[in-house]
Amino acid sequence: MKSILVTSFLLLLVKVAMAQVSYSGNVLDANDKNYVEGVLVEVVGKEDRDSTNVRGYFNVQAQVGDTLRITFPGFIEQHLVLSSERFLQVQIQDRARLLPTFEVKAEPYSFRFKDGKLVLVDPNEEPSPSNKGQVTAGYRDSPEGGIAIGGAISYFTKKSRNAREYAKKLEYLKRREGYLQVVDSDSVKTRLKEDYNLANEEWDPLIIKFNQMHAHHEFLDWSRERVYARLKEFIEWEKDWSN
């Protein structure tokens, strides 16, 4: 009888450990930071999936170690391996915006393709001080015809693109440094749990809801003190409302 109880208890622990939890977040355009509606978010190898709403919000059931596949027509597909962080801010990149800028000159008009858009070039426009990474094309017989590449060709290489993306990521994390110093701090978590008598299972849902309320600015350029003060206000409000 005792062995049966022990076995049942161990099976229960395994079931709890493997239980799926809610992973939610927002999907934004990496360039203009606007929410993207209709993005498909699915758990690889499982049936759970969701599409983002007008605020780019999604919610799926998964567990640590699962992989999310994020797809949207015209954008680069992403795969994210899930960790203990249950609220995600995902930025997807428009394929067209990764194309180099180029101009087509066919007198009397000149067109420029840049950031996924084809626009008519103003003939009185001042030339750019830097043509780095710019491609121009036109008639061979035109004085300005032929094909020319401005700037180092290495600008287009995969290594160079990755370096630029990495620099952007570092800049993004730096602007969220105040937020990360609060939310990722074990000492802050312990102090707030003691001050407001929070159980372990209450902490993650509170942080998820806190993030959701501030998803429109992502705490960019907030100081540690400002984030901490706002988090305390939020916890106090939640405790008062629940009582």
Side-chain angles (χ1 to χ4, degrees), residues 23-36 39 41 52 55-59 64-65 67-70 72 75-101 114-116 128-130 132-134 151-152 154-193 203-235:
Y23 282 85
S24 60
N26 299 92
V27 178
L28 300 90
D29 187 313
N31 292 283
D32 57 25
K33 309 304 179 186
N34 288 330
Y35 296 116
V36 185
V39 178
V41 181
T52 57
R55 292 186 59 79
Y57 180 79
F58 68 89
N59 187 292
V64 174
T67 299
L68 287 189
R69 179 164 55 229
I70 298 98
F72 189 69
F75 283 69
I76 297 175
E77 180 176 308
Q78 285 199 39
H79 291 78
L80 299 177
V81 179
L82 297 175
S83 63
S84 58
E85 176 61 48
R86 290 168 57 189
F87 185 82
L88 309 171
Q89 287 283 354
V90 183
Q91 297 189 31
I92 56 176
Q93 176 67 60
D94 186 347
R95 293 180 184 275
R97 291 180 179 271
L98 294 180
L99 295 174
T101 298
K114 183 176 182 180
D115 291 340
S128 173
S130 173
K132 183 179 181 181
Q134 186 179 73
S154 62
Y155 181 84
F156 300 107
T157 65
K158 182 177 180 181
K159 180 179 179 181
S160 182
R161 291 197 304 270
N162 289 342
R164 293 195 299 274
E165 290 302 316
Y166 181 66
K168 290 180 181 179
K169 183 65 174 178
L170 289 180
E171 177 63 22
Y172 173 75
L173 292 176
K174 183 175 179 60
R175 295 183 64 187
R176 296 191 82 208
E177 189 173 10
Y179 166 80
L180 297 174
Q181 288 176 349
V182 173
V183 175
D184 290 347
S185 171
D186 290 335
S187 60
V188 169
K189 176 180 177 180
T190 300
R191 182 164 63 252
L192 290 176
K193 286 171 61 178
W203 180 257
D204 284 345
L206 275 174
I207 295 300
I208 291 173
K209 191 171 183 179
F210 180 64
N211 288 336
Q212 291 172 338
M213 292 181 64
H214 296 275
H216 61 288
H217 57 69
E218 300 182 70
F219 303 97
L220 296 179
D221 303 319
W222 281 41
S223 66
R224 180 185 185 280
E225 292 74 21
R226 184 181 179 187
V227 175
Y228 183 73
R230 189 61 57 87
L231 179 57
K232 287 186 62 176
E233 291 175 0
F234 171 75
I235 294 175

Can you tell me if NZ on K169 sees more than 12 non-hydrogen neighbours from other groups inside 6.0 Å? no

In this structure, are over 12 heavy atoms from other groups packed under 6.0 Å from R191 atom CZ? yes

Could you report the tightest heavy-atom contact between [X] and [Y], atom names first, then the distance?
| X | Y | value |
| --- | --- | --- |
| L68 | F58 | CD1-CE1, 4.2 Å |
| Y57 | S24 | OH-CB, 3.3 Å |
| N26 | R55 | ND2-O, 3.0 Å |
| R86 | I208 | CB-CD1, 3.6 Å |
| D94 | F75 | N-CD2, 3.4 Å |
| R176 | L220 | CG-CD2, 3.4 Å |

Which label fits W222 and H217: parallel for a plane angle under 30°, tilted from 30 to 60°, or perpendicular past 60°? parallel

Check whether D29 reaches the backbone of V36 with its side chain - one donor and one acceptor, N or O, closer than 3.5 Å. no

Is it true that a side-chain atom of T67 and a backbone atom of H79 form a donor plus acceptor pair closer than 3.5 Å? no

What distance separates [X] [atom1] from [Y] [atom2], expressed to the nearest 0.5 Å?
| X | Y | atom1 | atom2 | result |
| --- | --- | --- | --- | --- |
| K168 | E171 | NZ | CD | 11.5 Å |
| T52 | N59 | OG1 | CG | 12.5 Å |
| L206 | K189 | CG | NZ | 11.5 Å |
| L88 | I70 | CG | CD1 | 8.0 Å |
| I207 | I235 | CD1 | CD1 | 6.0 Å |

Residue pair I92 / E77, side-chain heavy-atom distance below 4.5 Å: no

4.5 Å side-chain heavy-atom contact, N211 and E85: yes

Identified ring-ring contact (aromatic ring centres under 6.0 Å, His included) counterpart of F219 within the set Y228, Y179, Y172: Y179

Among H216, Q91, E218, exactly one meets side chain to side chain donor-acceptor pair (under 3.5 Å) together with K33. Which residue is that? Q91

